[in-house]
Structures are given as C-alpha cells and as structure tokens.
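Worksheet for the structure shown next.
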Amino acid sequence: MDRTQPISAARPAGVAVLTDLAAGKLLVATPSLLDPNFRRTIVLLLEHDAEGSMGLVLNRPAGVGNVDEMPFAHAQAPPVDVFVGGPVLPEHGIGLAAGAGPFDMALTIGELHLGLVGADTLDVDRVRYFAGHAGWSPGQLEAEVDEAAWWVVDAAPGDPFTDDPAGLWRAVLRRQGGALTIVATLPAQPELN
C-alpha cells in the first residue's frame with residue numbers, strides 16, 4: 001500500500017450517513033481528509049445556503065487559557081480556552097452561546113438554543129469563543145462531501161460545549177453505530193502502524 005496516499009474513507013458499507021447539509025448539522029472529517037486545518041475535526045455548520053457555508057471547528061482548543069476579558073466570561077464552558085474555529089479570518093473572534101439570546105445566526109439542537117454573540121445579546125447560559133471560522137464557497141462543501149472528505153451527521157445538544165474536545169471526533173463517530181464505530185478506533189496516524 002502506498003502510504004503517501006490518503007486512506008480511503010468513502011462511506012463504509014452499510015452506513016447511513018446524511019447528505020443533507022444544513023445549519024445545525026455536524027461535519028465529521030473522514031480519515032481521508034488530511035488537510036491539517038481539518039484533520040479529525042468536528043465542524044458545526046452555522047450556515048448553509050446558495051451563497052456558501054460557514055461553521056466552527058468544535059474540537060480544537062488553542063491552548064491560550066482563560067479569557068476573562070471576554071463578554072460573558074462567567075458563562076464560559078470548560079475547558080476555558082479560545083478554540084480554533086477554522087482557517088478563515090483567524091484574527092477575528094466569534095462567540096458561540098447557548099441561552100435566551102437574542103443571537104445572531106440562531107439555531108436549535110434538540111432543546112439547546114444556540115447562536116453567535118452579538119451586540120444585542122443579553123442572556124447567555126454558556127459560551128465558547130473561537131478564533132476564525134471554517135468557510136466554503138457555493139458548491140464547495142457539497143463537492144467535498146461527495147468526495148468523502150466529510151460525513152454529515154446530526155448534532156447532539158452536548159457537542160458544541162463538550163468538556164472533552166479531544167475525544168469529540170471519536171464520540172460522534174461511536175454514536176453513529178455500525179461501521180463508523182469501527183472508524184472511531186482508527187489511530188490518529190495509521191501510517192505509523
């Protein structure tokens with residue numbers, strides 16, 4: 001086997017993976033996605049329409065520690081850190097919050113009311129801050145899904161504010177069942193085996 005080629009991660013046989021891209025869905029990076037910005041990431045889609053797509057990487061803490069000077073610092077979900085939201089505009093901060101809002105780009109996952117912190121946001125139960133975001137031009141994300149770079153799955157209410165970001169990729173795959181449970185056991189660098 002040529003170890004310089006990505007591992008084939010087309011849809012495993014017998015796995016029902018969603019292909020309906022929409023705000024509130026998760027993008028799970030398949031093992032074939034080797035781009036260092038997205039390898040083994042979970043992206044929460046915040047927007048998906050004819051103009052393109054936008055999301056936040058949920059499982060990449062930046063390691064900068066406490067961010068007490070941010071709005072709603074009292075409501076920061078552990079681990080308290082700024083997360084790398086994606087490679088687009090990394091110098092811009094985004095606050096993802098749960099609560100009554102009002103929020104910019106509001107969406108609901110189960111009973112969880114989410115949105116981006118804006119100038120009018122007053123009521124926040126939990127918040128997580130991100131540097132940058134992930135973005136795709138019109139049709140780009142659909143092409144990546146068709147090329148088996150991403151699996152599209154339903155989000156669970158605990159995903160956006162997980163206290164175990166390092167384990168989120170595996171946890172999301174495990175709860176899908178079937179062959180994706182096996183994919184969750186793949187080592188981070190299978191080429192070293």
Side-chain angles (χ1 to χ4, degrees), residues 23-31 33-47 53-136 141 149-151 153-175 184 186-189:
K25 298 289 187 182
L26 293 180
L27 301 176
V28 180
T30 70
L33 183 53
L34 301 178
D35 178 334
N37 292 304
F38 295 110
R39 186 174 175 141
R40 287 192 161 214
T41 58
I42 299 291
V43 176
L44 174 63
L45 273 179
L46 299 175
E47 275 190 335
S53 306
M54 177 196 173
L56 294 171
V57 174
L58 297 179
N59 60 332
R60 290 267 169 89
V64 297
N66 199 345
V67 284
D68 288 331
E69 67 281 356
M70 302 295 253
F72 308 108
H74 67 283
Q76 289 182 65
V80 176
D81 201 344
V82 172
F83 280 57
V84 177
V88 179
L89 298 172
E91 66 280 5
H92 291 173
I94 296 174
L96 179 68
F103 298 125
D104 295 336
M105 290 180 146
L107 59 109
T108 302
I109 299 172
E111 298 294 316
L112 185 67
H113 181 65
L114 286 171
L116 300 184
V117 174
D120 296 331
T121 303
L122 301 172
D123 190 356
V124 167
D125 297 327
R126 283 177 286 173
V127 67
R128 180 158 283 159
Y129 290 100
F130 297 84
H133 67 276
W136 294 266
L141 183 55
W150 300 101
W151 290 311
V153 302
D154 288 326
D159 295 337
F161 302 106
T162 181
D163 60 0
D164 182 21
L168 186 61
W169 186 81
R170 289 179 189 268
V172 169
L173 286 173
R174 279 188 198 112
R175 76 174 183 241
L186 289 176
Q189 296 180 313

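As the structure is a prediction and not an experimental result, all values here were calculated from the model.
Nearest heavy atom pair, residue P61 against residue D81, reads CB-OD2, 3.6 Å. When all heavy atoms are compared, the tightest approach of P165 to N59 is O-CB, 3.1 Å. Of all the heavy atoms in P160 and I109, the pair that sits closest is CG-CD1, 4.1 Å. Across every non-hydrogen atom of A100 and F103, the tightest pair is C-CE1, 4.3 Å. When all heavy atoms are compared, the tightest approach of I94 to M54 is CD1-CE, 3.8 Å. In terms of heavy atoms, V117 sits closest to A97 at CG2-CB, 3.7 Å.
Rounding to the nearest 0.5 angstrom, the gap separating the CG atom in L186 from the CZ atom in R170 is 8.0 Å. In this structure, M105 CE and L114 CG are separated by 12.5 Å, a value rounded to the nearest 0.5 Å. Atom CG in L116 sits 6.5 Å away from atom CG in L96 (nearest 0.5 Å). With values rounded to the nearest 0.5 angstrom, L56 atom CG is found 11.0 Å from F83 atom CZ. A distance of 12.5 Å separates CZ of R60 from CZ of F130, quoted to the nearest 0.5 Å. The line from CG of L168 to CD1 of I42 is 5.0 Å long, rounded to the nearest 0.5 Å.
For the pair V64/V82, a side-chain contact is recorded, criterion being any heavy-atom separation below 4.5 Å from C-beta on. Between L173 and V28 there is a side-chain heavy-atom pair separated by less than 4.5 Å. No side-chain heavy atom of L27 sits under 4.5 Å from any side-chain heavy atom of F38. Put simply, the side chain of W169 does not reach to within 4.5 Å of the side chain of T41, judged on heavy atoms. By the 4.5 Å heavy-atom criterion applied to side chains, R126 and L112 are counted as neighbours. Side-chain contact check for D154 versus K25: some heavy-atom pair is nearer than 4.5 Å.
Under the 30°/60° scheme for interplanar angles, the aromatic rings of W150 and W136 are found to stand perpendicular.
The closest donor-acceptor contact from the side chain of S53 to the backbone of G135 lies at 3.5 Å or more, if one exists at all. Judged by distance alone, the side chain of R39 and the main-chain N or O of A29 form no donor-acceptor pair under 3.5 Å. Under a 3.5 Å cut-off, the side chain of D159 and the backbone N or O of V172 do not form any donor-acceptor pair. Under the 3.5 Å distance criterion, the side-chain polar atoms of T121 are matched with a main-chain donor or acceptor of P102.
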Derivation of the side chain to side chain contact (heavy atoms under 4.5 Å, CB included) call for L58 and L44: CA-CA 7 Å; L58 297 179; L44 174 63; 3.9 Å; yes

